[in-house]
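Small disclaimer: the values here were computed from a predicted structure and weren't measured.
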Amino acid sequence: MAIHNTVLELIGSTPIIKAQRLDTGVCELYLKLESQNPGGSIKDRIGLSMIDAAEKAGKIKPGDTLVEGTAGNTGIGLALVAQQKGYKLLLVVPDKMSREKIFNLKAMGAQVVLTRSDVAKGHPDYYQDMAERIARETPGAYFINQFGNPDNPAAHEFGTGPEILQQMAEVGGVDAVVFGCGSSGTMTGLSRCFAEKSPQTELVLADPVGSILEEYINRGTISEKSASWMVEGIGEDFLPPISDFTRVKKAYAITDKESFLTARELLEKEGILGGSSTGTLLAAALKYCREQTTPKKVLTLVPDTGNKYISKMYNDYWMLDNGFLARQATGDLRDLILRPFSQRDTVVVAPTDLLVTAYQRMKLYDVSQLPVMDGDAIVGIVDESDVLLHVYGDESRFRDPVSTAMVSKLDKIDVRSPIESLLPVFDRGHVAIVVDGEKFLGLITRIDLLNYLRRRVQ
């Protein structure tokens, strides 16, 4: 393998893998791993394309400030290029973006401004409109504008598209390509490439439920209302200025739940760790494959790596909280317990453990209280305030045993009690300790009840 002088030389030329264990009907399904780009996504391609083109046009020079609105991966691609070429970068991102992406951006030196994800284009807090305003009001700043920048689709018309055709020629060509649409650069660029070089290839759109694009493709109408969705990076509530939908004849609307579960299936069956939009594209590709009656060679993208979503779609507790994974319903308070003790999911301490151990477990597992267990018997509970009051003024008391700070007078609730019985416990500022006789089952917090109520209306 060649030795490279810069990480930017690693952008593109991503591999393709044939799916072996997924149910693809009569079709063969191929996965182009855009997750193998150095920034972890297909957006590295447009980050390089848009900055290079702006430099050649004399619009920017090293030291300038670049501004963009992004759901995450375009920001990482831009940060990668800006870092290597000597630009400052300010990114406006919606607040549904995964923490991993935000940490990634900040670690690369980008300035991140969070804004609302529940507002549509035209609202002053909409991430693209806010980015454009910041660029306009910042002296010397340059607005990248991925949604209106022709160098976005150019990266795919002259890069990704020819790569696909060259690689798939080894197996006799490609009959259909399934992709998503955010800024529409991938779709528009691939459409132009295939129109010229492979006009027989079908183009299929995968769209999150809530986006307006599936309706536009399949029915030719544009909804004035969009809903929110949790998949990141694809789906829109308007038609981007650079978009060209003319060659896309089929679209599938995929729910968040199906997207997340399909991405997890891809990891389980094929060993490929893809992001949330990967699940959307794969779910649509599998639907398309299973509808065919004659064999076809179908290709879809793995747009980004799943390591940016470990705390979300690959976290069982997050999936349970949001109703994407389900436990068997019991009809009692066990339905509200996120971490059942019987499954050893509950994070606990022993009365003989040190308070510093309790503190570290609270931080590690992002919980504010711990049951104190002597074997299988609950003997107390310790929370952040208990630890704080015990050690304040004498930090050496972190070395005291948990038994010295725990509360041993416990607020227990029988598992068969009505949900309303939780409210007085919460009103006293306590957490509900759920038991079946003397058997400890788990804890219920305020957020557990809120999540339960929210799932009931989904």
Side-chain angles (χ1 to χ4, degrees), residues 95 98-100 102-103 106-107 114 310-312 314-322 333-415 417 419 421-454:
D95 56 15
S98 70
R99 292 182 299 170
E100 287 88 349
I102 295 172
F103 296 155
K106 290 183 176 180
L114 285 175
I310 297 298
S311 67
K312 298 180 76 174
Y314 292 106
N315 176 351
D316 285 353
Y317 299 118
W318 185 88
M319 293 285 285
L320 286 164
D321 269 349
N322 287 281
L333 292 181
R334 282 174 290 181
D335 292 338
L336 283 74
I337 299 173
L338 180 62
R339 298 172 181 259
F341 181 68
S342 62
Q343 298 178 18
R344 291 300 187 256
D345 281 349
T346 308
V347 184
V348 303
V349 288
T352 53
D353 285 335
L354 302 182
L355 283 171
V356 68
T357 301
Y359 164 76
Q360 289 169 341
R361 288 183 188 170
M362 289 179 195
K363 295 290 289 182
L364 178 61
Y365 293 98
D366 194 25
V367 294
S368 58
Q369 64 282 310
L370 298 172
V372 184
M373 304 297 297
D374 187 1
D376 286 341
I378 183 167
V379 295
I381 193 161
V382 61
D383 65 19
E384 293 169 329
S385 61
D386 298 325
V387 177
L388 175 61
L389 292 174
H390 191 82
V391 304
Y392 187 78
D394 184 0
E395 291 83 353
S396 67
R397 301 187 74 183
F398 269 113
R399 309 297 299 177
D400 290 351
V402 168
S403 59
T404 61
M406 72 182 190
V407 174
S408 54
K409 185 178 179 181
L410 301 179
D411 224 339
K412 298 179 182 178
I413 293 186
D414 184 81
V415 67
S417 301
I419 290 178
S421 63
L422 298 171
L423 299 179
V425 177
F426 296 154
D427 191 47
R428 293 193 294 272
H430 296 170
V431 61
I433 300 167
V434 183
V435 295
D436 185 4
E438 293 301 315
K439 183 180 180 182
F440 172 61
L441 300 180
L443 303 180
I444 299 176
T445 65
R446 293 179 182 84
I447 194 65
D448 293 332
L449 176 56
L450 284 170
N451 286 335
Y452 173 78
L453 295 173
R454 187 195 62 197

When rounded to the nearest 0.5 angstrom, what distance separates CG in Asp394 from CG in Asp400? 8.0 Å
Exceeds 12 heavy-atom contacts within 6.0 angstrom, atom CD of Glu438: no
Considering only residues two or more places apart or on different chains, which pairs with a residue in residues 339-360 satisfy ring-ring contact (aromatic ring centres under 6.0 Å, His included)? Phe341-Phe440, Tyr359-Phe398
Closest heavy-atom contact between Val379 and Met406? O-CE, 3.7 Å
Do Val372 and Ser403 come close enough that some side-chain heavy atom pair is under 4.5 Å? no
Just verifying a value: how many Å separate Ile378 CD1 and Ile433 CD1, rounded to the nearest 0.5 Å? 4.5 Å
For Arg399, does the CZ atom sit with more than 12 other heavy atoms under 6.0 Å from it, leaving out its own atoms? no
Close side-chain approach of Arg334 and Leu441, heavy atoms under 4.5 Å: yes
Indicate yes or no for a side-chain donor-acceptor contact from Gln369 to the backbone of Ile381 under 3.5 Å, with no hydrogens or angles considered. no
How many angstroms lie between atom CD1 of Ile337 and atom CD1 of Ile444, to the nearest 0.5 angstrom? 5.0 Å
Heavy-atom closest contact (Val402 atom, Ala358 atom, distance): CG2-CB, 4.1 Å
Pairwise side-chain contact, Leu423 with Leu449, heavy-atom cut-off 4.5 Å (strictly under): yes
Rounded to the nearest 0.5 angstrom, the CG-CG distance for Leu336 and Leu453 is 7.5 Å
Looking only at atom types and distance, does a side-chain atom of Asp386 sit under 3.5 Å from a main-chain N or O of Asp383, one as donor and one as acceptor? yes
Please name the pair of heavy atoms, one in Pro401 and one in Pro351, separated by the smallest distance, quoted to 0.1 Å. CB-O, 3.6 Å
Any side-chain heavy-atom pair from Tyr365 and Leu370 closer than 4.5 angstrom? no
Keeping Ser408 on the side-chain end and Gly380 on the backbone end, is there a donor-acceptor pair under 3.5 Å? no
Taking C-beta and beyond as the side chain, do Asn315 and Ile310 meet within less than 4.5 Å on heavy atoms? no
Between Val431 and Val425, is any pair of side-chain heavy atoms under 4.5 Å apart? no
Identify whether the distance between the nearest side-chain nitrogen and carboxylate oxygen of Asp376 and Arg344 falls below 4.0 Å. yes
Are any side-chain N or O atoms of Arg361 and backbone N or O atoms of Val348, one a donor and one an acceptor, separated by less than 3.5 Å? yes
Taking Pro424's backbone N and O only, do any of them form a donor-acceptor pair with Asp427's side chain (distance below 3.5 Å, no angle check)? no
Closest non-hydrogen atom pair between Ala432 and Leu422, with its separation: CB-CD2, 3.5 Å
Can you measure from CG (Asp95) to CD1 (Ile102) and round to the nearest 0.5 angstrom? 8.5 Å
Closest contact, heavy atoms only, Phe426 versus Arg446: O-NH2, 2.6 Å
Do Val382 and Val387 touch side chain to side chain, with heavy atoms closer than 4.5 Å? yes
Rounded to the nearest 0.5 Å, what separation is found between the CG atom of Leu410 and the NE2 atom of His430? 10.0 Å
Taking the side chain as every heavy atom from C-beta outward, state whether Leu320 and Asn451 have any pair of such atoms under 4.5 Å apart. no
